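One structure is given below, encoded as C-alpha cells.
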Amino acid sequence: MAEQIPLVDYLVLGDEPHLSAHECTTCGARFFDRRNACAACGATGFTTAAIATRGEVTAFTIVAFAAPGIPVPFVAAVVDCDGTSVRANLVNVDPDPDHVRLGMPVRLTTFPIGADATGTEAIGFGFEPAA
Amino acid sequence: MSSDDIWILGISMTKFGKHPDLDKVDLAAQATLAALADGGVTMRDIGVVAAGTLMGMGEPIGQMVQKQVGQTGVPVYNVTNACATGATALRTVIMAIKAGEADMGLAVGVEKLAGAGLLAGGSRKEAGDTWQPRGRYGAVAPVDGRIGTEIMPGVFAQIGMEYGHRHGGTSFELFARISEKNHAHSTLNPLAAYTKRLTLAEIMDDVMIAYPNTRPMCSANCDGAAAAVLVSGAKLRTLSIEQQRRAVKVAASVLTSDPWEEGCQVLPNVNTLTRNAATQAYEQAGLGPEDLDLVELHDCFATAELVHYDNLMLCEQGGAVDFFESGAPWRDGRLPVNVSGGLQSKGHPIAATGIANVWEVCHHLRGEAGDRQIADAKVGLAHVIGLGSACGVHILERAAA
Ligand SMILES: [Zn+2]
C-alpha cells in the first residue's frame with residue numbers, strides 16, 4: 001500500500017481517523033493551528049486533544065463561485081463536534097439546500113486527494129451525513 | 001458645546017462607481033477638497049492627517065494626497081484595518097485631537113475596485129513534486145475549497161446561517177428581502193454605484209455566489225473616496241455661526257477587535273466585537289438604540305445585515321428576523337437601516353466605506369439629504385467591520401439649534 005500523508009497535520013490517520021487540537025493546559029482552549037501562546041489566556045503550555053468524530057452542522061454555505069481551479073459547487077460548513085467547532089466541507093451529500101440543512105448530524109470521513117511524484121497519497125477529510 | 005467634544009466640520013464622498021479616468025489619488029483629492037470646502041477651511045488649518053487605502057500595498061496614500069492638495073508638513077498616519085480602514089482613519093484623527101496634538105484634522109479613505117472579482121480565497125499555490133507540510137496547519141496542499149471556504153460571500157453566508165441555526169426564522173428568501181430593501185433605498189441616492197430597484201425574484205434568480213448570497217446580495221466592488229474634517233469643540237467655538245450650525249457632534253467613536261471565543265478561529269465571529277463596540281458607543285454617547293433616527297451598518301452581504309440588527313441592539317437578542325419582518329429597517333419604518341442603499345448597491349470601495357457611512361448619517365442630521373432625507377433626524381449610528389477583525393462604531397448627533 002502506498003504511503004499516506006494527511007492534508008493537514010491535525011488530521012490523524014490510522015485505524016480510527018480523527019482530528020486533533022492543541023489544547024491549552026491552563027484554560028482548555030483548543031486550536032487546530034500551531035500557537036505561540038493561548039489566545040484565550042496567554043499561557044504557553046499545550047497538550048493534544050482528540051476531537052469527536054461526530055457532530056452537528058451549525059452553519060453552512062454552498063459555494064458556487066470560487067477561485068480558479070477550485071471545483072464547485074461544494075458545501076463549506078462549521079460542525080460542532082461535542083463542543084469544539086470544526087471547519088470542513090460536507091461531502092457525500094448533494095450540494096443543494098434540499099439535502100444540506102442546519103442541525104444535521106454528520107460524521108468524519110477521509111479520502112485520498114492525490115499522489116505526489118514519489119507515490120505518497122495525501123488524505124483529506126470532510127463530514128458526511130450520519131444516520 | 002463642550003471643549004472636549006469632537007465635531008465633524010466638513011465631510012464629503014465622491015460618487016461611488018466606475019471612474020476609469022481618475023486614479024486613486026484623484027479620487028482621494030476630490031473627496032478631500034470637497035470636505036475642506038464643506039467645512040469652510042483649507043489644508044493650512046489641518047494639523048493632522050490619517051489616510052487609508054487597503055489595496056495600496058503600503059503606499060503612503062496620505063502623503064500622495066498632500067502632494068495634490070497641500071504639503072504643509074503636518075504628521076500623516078497611513079492606516080489599514082481591513083474593511084474598517086476608513087473608520088480607523090477617522091478614529092486616528094479623533095484620538096489626535098483628543099490628545100491635544102491638533103485642533104483640526106483630516107481623515108480620508110479611497111479605493112479603486114471597479115471590476116475586481118472575489119477579494120479573498122484561492123490561496124492555492126499548488127504543491128511541488130512531493131507533499132510537504134507547510135504553514136501553521138502543516139498543510140501539504142492548499143486548503144481553500146478543501147477545508148471550507150475563504151471567499152467572503154461564503155464566510156458571511158455561514159455567519160447568517162449560524163444566526164438562523166441559533167435563533168430560527170431565516171431562509172434564502174428572508175436574506176434576499178433584506179437585499180431588496182437596500183436596492184430599493186439606493187434609488188434615492190445619486191452617489192450610489194447602483195440605483196436600480198430589483199424585485200425579489202430578480203435578486204433570488206441572479207447568479208448564486210455562495211448560498212444563500214446571490215450576486216446582488218453581495219457588496220459591490222467599485223471606485224470611490226470619502227473624507228472628513230474633524231475639529232475640537234474649543235476650536236469650533238472660534239468659527240462662524242454657520243460652521244457651528246452645520247457641524248455634527250461625534251457623540252461616540254469606538255474601535256474594537258475580536259476577543260477570543262470558542263469557534264472564532266474556525267468561522268470569524270463578527271458578533272461579539274460589534275456588540276462590544278455598540279455597548280461602549282452607547283455608553284460614551286449617553287444614548288441608547290431607542291434614540292437612533294437612522295443606522296448605516298456594514299451590510300457587506302445580505303446575510304451580514306441581519307446579524308448586525310442584533311449586534312447593534314436595534315432589536316432584542318435573537319430578534320433580528322422579527323425586527324426585519326416588522327418593517328422597521330425600511331426607510332419609512334421605525335428605525336431606517338442603510339437608507340443610502342448600503343454596500344450592496346451604494347458600493348464598497350473598502351477604505352472609503354467607514355467615512356462614507358458617516359457622511360450619509362451627517363447628511364441626514366444636517367437636513368441636507370434631499371429626496372432621501374429621514375425627517376428631523378437628530379442621532380445616527382455608523383458601523384463597519386473588517387475581518388481579522390476590527391469593528392468601528394460612530395454615533396453622530398445633530399448640533400443643538
Ligand atoms: Zn489558555
Side-chain angles (χ1 to χ4, degrees), chain A residues 5-11 27 29-35 38-41 56-80 83-89 95-97 100 102-103 113-118 120-126, chain B residues 117-118 120-124 126-133 135-151 153-166 168 170-172 207-215 218 259-267 303:
Chain A
I5 187 169
L7 171 59
V8 285
D9 61 14
Y10 62 90
L11 170 62
C27 78
R30 290 177 169 183
F31 306 95
F32 289 107
D33 54 343
R34 177 170 62 79
R35 295 293 167 128
C38 176
C41 77
E56 174 193 288
V57 174
T58 58
F60 74 87
T61 181
I62 303 162
V63 179
F65 193 86
I70 296 178
V72 287
F74 67 92
V75 185
V78 177
V79 178
D80 176 359
T84 300
S85 298
V86 177
R87 181 204 302 210
N89 286 5
D96 65 62
V100 183
L102 293 166
I113 61 169
D116 68 9
T118 68
T120 300
E121 204 168 45
I123 305 296
F125 71 92
Chain B
L118 294 170
S123 62
R124 290 200 164 204
E126 274 311 334
D129 277 353
T130 55
W131 301 120
Q132 193 68 47
R136 286 183 173 256
Y137 292 99
V140 301
V143 299
D144 184 22
R146 287 192 176 112
I147 304 177
T149 182
E150 293 170 5
I151 62 162
V155 170
F156 279 92
Q158 291 174 85
I159 285 166
M161 296 292 273
E162 182 188 46
Y163 190 89
H165 179 58
R166 194 163 294 166
T170 59
S171 64
F172 176 26
V207 178
M208 182 60 74
I209 305 294
Y211 178 90
N213 286 321
T214 64
R215 189 172 49 186
C218 299
W260 181 86
E261 281 174 296
E262 200 294 311
C264 75
Q265 327 283 331
V266 169
L267 180 69
T303 45

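Values below: every heavy atom of this structure, side chains too, minus hydrogens, waters and symmetry copies. These figures come from a predicted structure and were not determined experimentally. Proteins get letters first, then strands, A, B, ... in listed order; numbering begins at 1 in each.
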If you count heavy-atom pairs under 4.5 Å with chain A, which of B:A210, B:G164, B:A157 comes out on top?
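Counting heavy-atom pairs under 4.5 Å, the top option is B:A210.
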Between [options], which residue shows the highest count of heavy-atom pairs closer than 4.5 Å to chain B?
{"options": "A:C41, A:P73, A:A77, A:C38", "value": "A:A77"}
{"options": "A:A40, A:A117, A:G126", "value": "A:A40"}
{"options": "A:V86, A:T118, A:L102", "value": "A:L102"}

Results of side chain to side chain contact (heavy atoms under 4.5 Å, CB included) for A:R87 - residues two or more places apart only =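 Per chain and number, A:R87 pairs via side chain to side chain contact (heavy atoms under 4.5 Å, CB included) with B:I147, B:V266.
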Need one label for [X]: side chain, backbone, both or neither, based on atoms under 4.5 Å from any heavy atom in chain B.
{"X": "A:A122", "result": "both"}
{"X": "A:I5", "result": "side chain"}
{"X": "A:V75", "result": "neither"}
{"X": "A:F74", "result": "side chain"}
{"X": "A:F31", "result": "side chain"}
{"X": "A:V72", "result": "neither"}
{"X": "A:P95", "result": "neither"}

Mind checking the [atom1]-[atom2] spacing from [X] to [Y]? Nearest 0.5 Å is all I need.
{"X": "A:T84", "Y": "B:E262", "atom1": "OG1", "atom2": "CD", "value": "5.5 Å"}
{"X": "A:F32", "Y": "B:Q265", "atom1": "CZ", "atom2": "CD", "value": "10.5 Å"}
{"X": "A:I113", "Y": "B:W131", "atom1": "CD1", "atom2": "CH2", "value": "5.0 Å"}

Item to complete: Tell me, please, which residues at least two apart from A:D96 pass salt bridge (charged side-chain N to carboxylate O under 4.0 Å, His left out).
Response: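 Partners of A:D96 under the salt bridge (charged side-chain N to carboxylate O under 4.0 Å, His left out) test: none.
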Heavy-atom check, side chain of [X] versus side chain of [Y], under 4.5 Å:
{"X": "A:V78", "Y": "B:E162", "result": "no"}
{"X": "A:T120", "Y": "B:T130", "result": "no"}
{"X": "A:P97", "Y": "B:F172", "result": "no"}

What closest approach, in Å, do [X] and [Y] show between heavy atoms, and which atom pair accounts for it?
{"X": "A:I70", "Y": "B:G145", "value": "CG2-CA, 3.9 Å"}
{"X": "B:H165", "Y": "A:T58", "value": "CB-O, 3.4 Å"}
{"X": "A:A76", "Y": "B:G148", "value": "CB-CA, 3.7 Å"}

### Message
So if I apply the side-chain contact (heavy atoms from CB on, under 4.5 Å) rule between A:T61 and each of B:V155, B:I151, B:T149, which one comes out positive?
### Response
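Only one of B:V155, B:I151, B:T149 forms a side-chain contact (heavy atoms from CB on, under 4.5 Å) with A:T61, namely B:T149.
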Heavy-atom donor-acceptor pair, A:R34 side chain to B:R136 backbone, under 3.5 Å
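Answer holds: no.
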